[in-house]
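Numbers for residues simply follow the sequence, beginning at 1.
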Amino acid sequence: MMKKTIYIGGLAALLALAPTGCINEDLSDCGVDYTMLYRVSFDEPLLSTLRAELATPAEAQLRVRLEQELDGVLATDGEHLSAAFYQGAEGSLTDGAEADMTGRDASFTFYLRPGDYAHLAVAFTDAADRSMAYTLDGTLAEARMAHAGESEPDTVDGHRAAYFVGNERLHVESMSPAQTFFVPLYMQNAATVLVADPAQSGCTVAAAYVRGVATSFALADSTYAYHAAHVVRADLSTAAGLTACHAACFPSAATAVEAAALRTRACSEDDPACIWEMDLYVRQPDGELTRNTLHVARPLLAGHMVVLKVVLDDQGQATAVSSEVGVSVTLDWKPGGDHDVEI
């Protein structure tokens, strides 16, 4: 477990070293040592889902490849932790700390003076990852995470690490004994894997994209922002004749009604259950392209993985294995009028 002692608050940091660490004679401003215990928490590790869903001999070979390529997203141990405290009506940053992490647990000890605090913590599984940008600077309302380098909705690469957030409120009273506070850290991004089986069609997967997922996450109130133009580019992995299109991203809406209200749905009106989508571009043996749009009725929730499976015919048309997925097809697809498709 990583442990670190931090004294917050400028002058308080110096006074904490004095016998009392207090200014007022009645000791009404005496601070308290708060030990914050952090733990990376899961409903179910993503790796468990991947292993359960890809169980046939051919799928198992593909799964081994995916475990290597998605190692940062599948990891359950944190590598870096940042923490911050905020106070006042404006939620001004009081101070904070950051350090490398080893394992799922970490702790900081903060010297806090009396008052009400908002506390945020962010951990992630790959300290070298640059696919996500987050800030704890400024005010509480400004604390957010988003795709790195994204100034407006666009086509972006997927995340390369799992990101976990803790959000707690503390009330500190003068002269109270030292306190220990547990802060669970929950994963705020998600992952999807689309497995395409070409069967005997001779077709190959050219590209895949995810649509209808969030663009950013506000840490203070744990809400996601959405934009219909936001598209996530999936990576491709091939093994045992199967191709996996995989992407880590922010979650979708929880329901089709919510997705419609957020204006993230591009599903046809005859598919009211659709929540989010994947565009699968397939190249036929003669070079023509077929676009398959998968309309997914199962939500892509934070901290979870959704595995989809399709079988391709000789025209590149995808048939979904699950009844939760509808497919619309454009034969002889040509670039133009879509998001930034790279084939």
Just to verify, which of Leu50, Val73, Leu74, Val307 counts as forming a side-chain contact (heavy atoms from CB on, under 4.5 Å) with Leu66?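 Going through the options one by one, the only one that passes is Leu50.
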Does a sphere of radius 6.0 Å around CD in Glu173 hold more than 12 heavy atoms from other residues, nucleotides or ligands, not counting ones at 6.0 Å or beyond?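 No.
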With a 4.5 Å cut-off on side-chain heavy atoms, are [Y] and [X] touching?
X: Met132; Y: His147; result: no
X: Glu324; Y: Arg298; result: yes
X: Pro299; Y: Pro251; result: no
X: Phe181; Y: Leu37; result: no
X: Val310; Y: Leu294; result: yes

Between the main-chain N or O of [Y] and the side-chain N or O of [X], is there a donor-acceptor pair closer than 3.5 Å?
X: Ser216; Y: Met145; value: no
X: Thr290; Y: Gln315; value: yes
X: Thr125; Y: Ala162; value: yes
X: Lys309; Y: Glu53; value: yes
X: Gln179; Y: Pro177; value: yes

Are any of the side-chain nitrogens in [X] or [Y] under 4.0 Å away from the carboxylate oxygens of its partner?
X: Asp235; Y: Arg160; result: yes
X: Glu288; Y: Arg283; result: no
X: Arg104; Y: Asp77; result: no
X: Arg211; Y: Asp279; result: yes
X: Arg233; Y: Asp157; result: yes
X: Arg63; Y: Glu59; result: no

Can you list the steps and then say if Leu219 with Val165 is a side-chain contact (heavy atoms from CB on, under 4.5 Å)? CA-CA 8 Å; Leu219 277 65; Val165 173; 4.2 Å; yes
Tabulate below the donor-acceptor pairs under 3.5 Å that side-chain atoms of residues 82-92 make, not counting sequence neighbours, or state none.
unit_1	atom_1	unit_2	atom_2	d
Ser82	OG	Tyr134	OH	2.8
Tyr86	OH	Leu136	O	2.5

Would the Phe217 and Tyr224 ring centres measure less than 6.0 Å apart?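 Phe217 vs Tyr224: aromatic centres under 6.0 Å.
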Measure from the ring center of Phe164 to the ring center of Phe42 and say whether it is less than 6.0 Å.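 Yes, ring centres under 6.0 Å apart.
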Find the distance between [atom1] ([X]) and [atom2] ([Y]) and round it off to the nearest 0.5 Å.
X: Gln284; Y: Leu312; atom1: CD; atom2: CG; result: 10.5 Å
X: Gln317; Y: Leu331; atom1: CD; atom2: CG; result: 5.0 Å
X: Asp332; Y: Arg291; atom1: CG; atom2: CZ; result: 12.0 Å
X: Glu277; Y: Ser252; atom1: CD; atom2: OG; result: 11.5 Å
X: Phe182; Y: Tyr38; atom1: CZ; atom2: OH; result: 11.5 Å
X: Phe124; Y: Leu81; atom1: CZ; atom2: CG; result: 9.5 Å

Any donor-acceptor pair under 3.5 Å linking the side-chain atoms of [Y] with those of [X]?
X: Thr35; Y: Thr109; value: yes
X: Tyr281; Y: Asn292; value: no
X: Ser237; Y: His246; value: yes
X: Glu44; Y: His304; value: no

Could you pull out the closest heavy-atom pair between Val205 and Ala196, with the gap in Å?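 Nearest heavy atoms, Val205 then Ala196: CG2-CB, 3.8 Å.
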Leu194, Val329: one ILVMFWY side-chain cluster at the under-4.5 Å cut-off?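 Hydrophobic grouping puts Leu194 with Val329.
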I'd like to know if Leu308 and Val327 are part of one continuous hydrophobic network [Ile/Leu/Val/Met/Phe/Trp/Tyr, side-chain heavy atoms within less than 4.5 Å].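 Same cluster.
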As a quick check of understanding, evaluate side-chain contact (heavy atoms from CB on, under 4.5 Å) for Thr215 and Phe250, giving each step before the final call. CA-CA 7 Å; Thr215 62; Phe250 286 122; 5.8 Å; no
Run the side-chain contact (heavy atoms from CB on, under 4.5 Å) check on Thr192 and Met278 step by step: do they pass? CA-CA 10 Å; Thr192 183; Met278 288 193 72; 4.1 Å; yes
Considering residues at least two apart in sequence or located in another chain, which fulfil the side chain to side chain donor-acceptor pair (under 3.5 Å) criterion with Asn189?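 Expected list: His159.
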If you apply the rule side chain to side chain donor-acceptor pair (under 3.5 Å), what do you find for Tyr163 with Asp129, and how did you get there? CA-CA 10 Å; Tyr163 280 76; Asp129 178 55; 2.7 Å; yes
Checking side chain to side chain donor-acceptor pair (under 3.5 Å) for the pair His295/Ser328: CA distance, chi angles, key distance, verdict? CA-CA 8 Å; His295 311 296; Ser328 58; 3.1 Å; yes
Begin from the C-alpha positions of His119 and Met36 and carry the test side-chain contact (heavy atoms from CB on, under 4.5 Å) through to its verdict. CA-CA 10 Å; His119 179 57; Met36 312 297 291; 3.5 Å; yes
